[in-house]
Amino acid sequence: MSGPYDVVVVGLGAMGSAAAFHLARQGRKVLGLDRFTPPHSFGSSHGQTRIIREAYFEHPLYVPLVQRAYQLWAELEHASGRDLLRITGGLMIGRPDGVLVGGARRSAEQHRLRHELLTAAELRTRFPALRPADDMVAVWEPRGGILFPEAGVSAHLALAQAHGATLRYDEPLASWRSEGDGVRVVTDKGEYRAGQLLLTAGAWIRTLVPELNLPFTVERQVVYWFAPRADPALFAPARCPVHLWETAPRTFFYGVPDLGDGVKVAGHHAGEAADPDQLRRTVSGAEVAAMRELVRRFLPDADGALRSAAVCMYTNTPDEHFWIDWHPQQAQVLIASACSGHGFKFSSVIGEVLADLLIGGQSRFDLSLFRGRRGGR
Ligand SMILES: Cc1cc2nc3c(=O)[nH]c(=O)nc-3n(C[C@H](O)[C@H](O)[C@H](O)COP(=O)(O)OP(=O)(O)OC[C@H]3O[C@@H](n4cnc5c(N)ncnc54)[C@H](O)[C@@H]3O)c2cc1C
């Protein structure tokens, strides 16, 4: 038995590593546990790059959060001395009445963000790698860019440790129970006491609170890197912003410029349902062919050899907004699932939000979209 700690953080991926850092920086005695050694490629935070964007099509309420996230990424870069963020600009491309273009415009207008609306012809001239259909338009935003997820997780963990956090890897949480007004957590290596418990276990989170029957589903997602077929300079970050496409109503894919390993492309949602312990990690020829079909249509010069592919997991809530809330029966247990395929960019600020909730009981951000109020209980 060891402790007492102030907080045990279970899961040290994107969200848990950031929370451990913010808690430790504010003087909390933190124990962090992970079933693997993060950053690793078994969860949701691998694959070299993640998109960050400000004109948030999903809901304008995310804009203040992402603005704080940008500040915190910059601070983390400074404190860790690592490159974590590269600004390329961002494009949301689709029909003018689609959710992607419509939602991005709504956020940009409501928050007075710098942006431009481009016709298909303007888009093709300005960014020749991209070939939208004639009836598509694009919202261009200057602050879109690329985050490096493995480096971000490593930086948060290193700084958490520098501020005194104890981090234990390859030590999964086996069970936990409340004890007085705190908790006792059990692993196969020991038992620990703490005042509070933070669950940030990504795709495995439902198994840690089975009594809640959380309404989350895990979705398998494949990402691909294709070699440019023609002029590789067209896909360099200087000439090719990060780009999201709505190719049919609520059907999305995205692309990331070539940073040396090829042009990264992937669908957003529409993956098969998955069990995190039985994830199909091989990618079939049919999956590659389907992705290549999209590449040929919208990024034809990226239709070179497949360089590599990787399999990752989304943990989706029914409405695809995050879930950040206290356990309904245990006031000392906080549950955070900030994924649904769009959480990484926020992890710097979600870490701060979780620390504020655990330390002072509140956050300065409007978290109303994220309350655990939607079914499953
Ligand atoms: C292919 C793909 C592309 C994406 N693209 C973007 C993007 O462009 N922009 C964006 O903002 N977001 C994107 N996302 C979403 C983003 O990556 C996720 O929202 C984020 O990584 C989720 O972080 P997490 O901390 O919840 O999960 P993870 O980072 O997976 O962390 C969960 C951790 O919990 C640990 N764990 C599990 N069970 C236990 C246990 N019992 N005991 C101890 N530890 C445990 C795991 O080992 C893991 O380290 C993408 C996701 C995927 C899969």
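Every value quoted in this text rests on a predicted model; they were computed, and no experiment measured them. In listed order, ligands and their atoms are each counted from 1.
Using a cut-off of 4.0 Å between Lys/Arg side-chain N and Asp/Glu carboxylate O, Asp34 and Arg168 are scored as not salt-bridged. Salt bridge status for Arg105 with Glu141: absent, with no side-chain N to carboxylate O gap under 4.0 Å. Comment: Arg106 does not engage Glu58 in a salt bridge, judged by the lack of any side-chain N to carboxylate O separation of less than 4.0 angstrom. Ionic pairing of Arg292 and Asp303 is present here: one or more N-O contacts between side-chain nitrogen and carboxylate oxygen are shorter than 4.0 angstrom. By the 4.0 Å N-to-carboxylate-O rule, Arg68 lies close enough to Glu352 to be salt-bridged with it. Salt bridge annotation for Glu272-Arg280: present, with a cationic side-chain nitrogen under 4.0 angstrom from a carboxylate oxygen. Ion pair Arg307/Asp261 not flagged as a salt bridge, since none of the NZ, NE, NH1 or NH2 atoms sits closer than 4.0 Å to an Asp/Glu carboxylate oxygen.
Closest heavy-atom approach to atom 51 (C) of ligand 1 among the candidates Phe346, Phe322, Tyr314: Tyr314. When Ala203, Ser44, Gly13 are ranked by how near their heavy atoms come to atom 30 (O) of ligand 1, first place goes to Ser44. Heavy-atom proximity to atom 45 (C) of ligand 1, evaluated over His342, Lys345, Arg35, Arg53, is greatest for Arg35. If you check each of Trp204, Trp176, Tyr169 against atom 38 (N) of ligand 1, the one with the closest non-hydrogen atom is Trp204. Among Ser175, Ser347, Cys339, the residue whose heavy atom lies nearest to atom 18 (C) of ligand 1 is Cys339. Evaluated by nearest non-hydrogen atom to atom 20 (C) of ligand 1, the leading choice among Gly11, Pro39, Pro38, Ser45 is Ser45. When Ala338, Gly152, Ala19 are checked for heavy-atom proximity to atom 19 (O) of ligand 1, Ala338 turns out nearest.
Considering Glu219, Arg220, His268, Glu320 in turn, His268 is the only one that fulfils the side chain to side chain donor-acceptor pair (under 3.5 Å) rule with Tyr314. When each of Phe365, Phe322, Trp73 is paired with Phe346, the ring pair (Phe, Tyr, Trp, His ring centres under 6.0 Å) condition holds for Phe322 and for no other.
The distance criterion of under 3.5 Å between nitrogen or oxygen atoms is met by Arg50 with respect to ligand 1. Polar contact check, Met15 against ligand 1: a nitrogen or oxygen pair lies under 3.5 Å apart. For a threshold of 3.5 Å applied to N or O pairs, the pair formed by Gly343 and ligand 1 contains at least one separation below that value. Close N/O approach between Asp34 and ligand 1 is found [any backbone or side-chain N/O within under 3.5 Å]. Considering backbone and side-chain atoms together, Glu171 places no N or O closer than 3.5 Å to any N or O of ligand 1. Close N/O approach between Ile51 and ligand 1 is found [any backbone or side-chain N/O within under 3.5 Å].
Judged purely by distance below 3.5 Å, without hydrogens or angles, the side chains of Trp204 and Asp277 pair a donor atom with an acceptor atom. Remark: the Glu211 side chain and the His327 side chain contain an N/O donor-acceptor pair separated by less than 3.5 Å.
Distance alone, capped at 3.5 Å, is enough to place a donor-acceptor pair between the His46 side chain and the Val311 backbone. Proximity of a side-chain donor or acceptor of Thr200 to a complementary backbone N or O of Ala336 within less than 3.5 Å is not detected. Of the possible polar contacts, none joining the Glu246 side chain to the Phe252 backbone as a donor-acceptor pair under 3.5 Å is found.
With a 4.0 Å heavy-atom cut-off, ligand 1 is reached by the backbone of Phe344 and by its side chain too. Of all the heavy atoms of Leu173, the ones lying under 4.0 Å from any atom of ligand 1 are found in both the backbone and the side chain. The part of Leu208 lying near ligand 1 is the side chain, judged by heavy-atom distances below 4.0 Å. Using a 4.0 Å cut-off between heavy atoms, Tyr254 contacts ligand 1 through its side chain alone, with no backbone atom that close.
Ring orientation note: the planes of Phe370 and His321 are tilted relative to one another, at an angle of 30° to 60°.
Proximity of His40 to ligand 1 is established by a heavy-atom distance of less than 4.0 Å. Ligand 1 does not have Gly47 within reach: every non-hydrogen atom of the residue lies 4.0 Å or more from it.
Summarising the geometry, atom CZ belonging to Arg112 is positioned 14.0 Å from atom OG belonging to Ser107; distances are rounded to the nearest 0.5 Å.
Of all atoms in ligand 1, listed by their number and element, those nearer than 4.0 Å to a heavy atom of Val223 are 1 (C). Below 4.0 Å from some heavy atom of Thr200 lie the following atoms of ligand 1, by number and element: 32 (C), 33 (C), 34 (O). Atoms of ligand 1 lying under 4.0 Å from at least one heavy atom of Met313, given by number and element, are 53 (C). Here is the list of ligand 1 atoms found below 4.0 Å of a heavy atom in Gly43: 30 (O). Taking every heavy atom of Gly341 and a limit of under 4.0 angstrom, the matching atoms of ligand 1 come to 6 (C), 12 (N), 13 (C), 14 (N), 15 (C), 50 (C).
Looking only at protein heavy atoms, the nearest one to atom 27 (O) of ligand 1 is Gly202 CA, 3.7 Å. Remark: minimum distance from atom 53 (C) of ligand 1 to any protein heavy atom is reached at Cys312 SG, 2.4 Å. The nearest heavy-atom contact from the protein to atom 23 (O) of ligand 1 is Ala14 CB, 3.4 Å.
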